[in-house]
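To keep things clear, I will list the structure first and then write my remarks on it.
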Amino acid sequence: MKNLRLSIHSAEHIWLRERLLKQRLNLGLSQRALGEKMGVLYSFIGKVETGDRRLDIFEFIEYCRGLDLEPVEILSEIEQRFG
């Protein structure tokens with residue numbers, strides 16, 4: 001992970017989107033249900049999952065919490081995979 005501003009098509013971003021999507025599906029949540037749980041429009045969820053929208057660090061934390069994930073654990077996974 002040498003480039004500070006990675007493309008949304010980079011392996012790191014693709015992995016993160018797939019990880020978040022997989023968790024949403026494992027929880028049996030629709031995009032709409034996750035959006036309601038997080039207090040955001042479901043289109044926000046769709047844009048994150050397709051890569052049309054990046055998450056800032058604070059949004060990432062809330063997104064993880066919405067998916068019952070620990071943000072620190074996801075960051076650790078990223079570091080291990082792409083460090």
Side-chain angles (χ1 to χ4, degrees):
M1 216 165 29
K2 296 178 180 157
N3 184 355
L4 186 59
R5 182 95 171 147
L6 297 172
S7 162
I8 60 168
H9 305 293
S10 68
E12 293 89 343
H13 278 282
I14 292 169
W15 178 87
L16 179 58
R17 290 195 317 266
E18 288 174 352
R19 178 72 171 84
L20 297 175
L21 173 61
K22 181 179 176 184
Q23 179 68 7
R24 178 176 66 75
L25 296 175
N26 286 341
L27 293 174
L29 294 173
S30 65
Q31 288 180 349
R32 188 175 302 272
L34 179 57
E36 288 174 5
K37 183 176 180 183
M38 293 177 57
V40 298
L41 297 173
Y42 73 92
S43 60
F44 172 82
I45 306 301
K47 288 177 182 179
V48 169
E49 291 181 354
T50 60
D52 291 335
R53 175 76 160 69
R54 294 169 70 124
L55 297 171
D56 72 23
I57 190 66
F58 301 104
E59 292 168 333
F60 169 77
I61 291 168
E62 289 304 313
Y63 206 102
C64 286
R65 289 180 179 158
L67 292 171
D68 301 329
L69 295 170
E70 286 297 324
V72 172
E73 290 177 14
I74 300 301
L75 292 173
S76 179
E77 287 180 44
I78 291 169
E79 181 68 20
Q80 288 173 3
R81 288 180 178 272
F82 304 104

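Note that this is a predicted model, so its numbers are computed, not measured.
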- Message: Rounded at 0.5 Å granularity, tell me how far CG in Leu75 sits from CD in Glu70.
- Response: 11.0 Å
- Task: Nearest 0.5 Å please: distance from the CD atom of Glu79 over to the CD1 atom of Ile74.
- Result: 14.0 Å
- Item | Arg24 side-chain N/O to Leu29 backbone N/O, donor-acceptor pair under 3.5 Å | yes
- Message: Working to the nearest 0.5 angstrom, can you tell me the gap between Glu73 CD and Ile78 CD1?
- Response: 12.5 Å
- Answer whether the closest heavy-atom distance between the side chains of Phe44 and Leu34 falls below 4.5 Å. no
- Query: Can you hop from Leu27 to Leu25 via hydrophobic side chains spaced under 4.5 Å?
  - Reply: no
- Message: Tell me every residue that passes salt bridge (charged side-chain N to carboxylate O under 4.0 Å, His left out) with Asp68, counting only those two or more places apart in sequence or in another chain.
- Response: Lys37
- Item | Within-4.5 Å side-chain heavy-atom neighbours: Ile14 and Arg17 | yes
- Kindly compute the distance separating CG (Leu16) from CG (Leu21), expressed to the nearest 0.5 Å. 11.0 Å
- Task: Calculate, to the nearest 0.5 Å, the distance between atoms CG and OG belonging to Asp52 and Ser43 respectively.
- Result: 10.5 Å
- Message: So His9 and His13, do their side chains get closer than 4.5 Å, heavy atoms only?
- Response: no
- Query: Quick one: side chain to side chain donor-acceptor pair (under 3.5 Å) partners of Arg53, sequence neighbours excluded?
  - Reply: Glu59
- When hydrophobic residues are tied together by side-chain contacts of less than 4.5 Å, even through go-betweens, does Ile57 share a cluster with Leu20? yes
- Within 6.0 Å of OH in Tyr42, more than 12 heavy atoms from elsewhere: no
- Find out if a path of hydrophobic residues (ILVMFWY) with successive side-chain heavy-atom gaps under 4.5 Å connects Leu69 to Met38. yes
- Query: Quick one: do Trp15 and Leu67 end up in the same hydrophobic cluster if we chain Ile, Leu, Val, Met, Phe, Trp and Tyr together by side-chain heavy atoms under 4.5 Å apart?
  - Reply: yes
- Which atom pair, heavy atoms only, marks the closest approach of Phe82 to Ala11? CZ-O, 3.8 Å
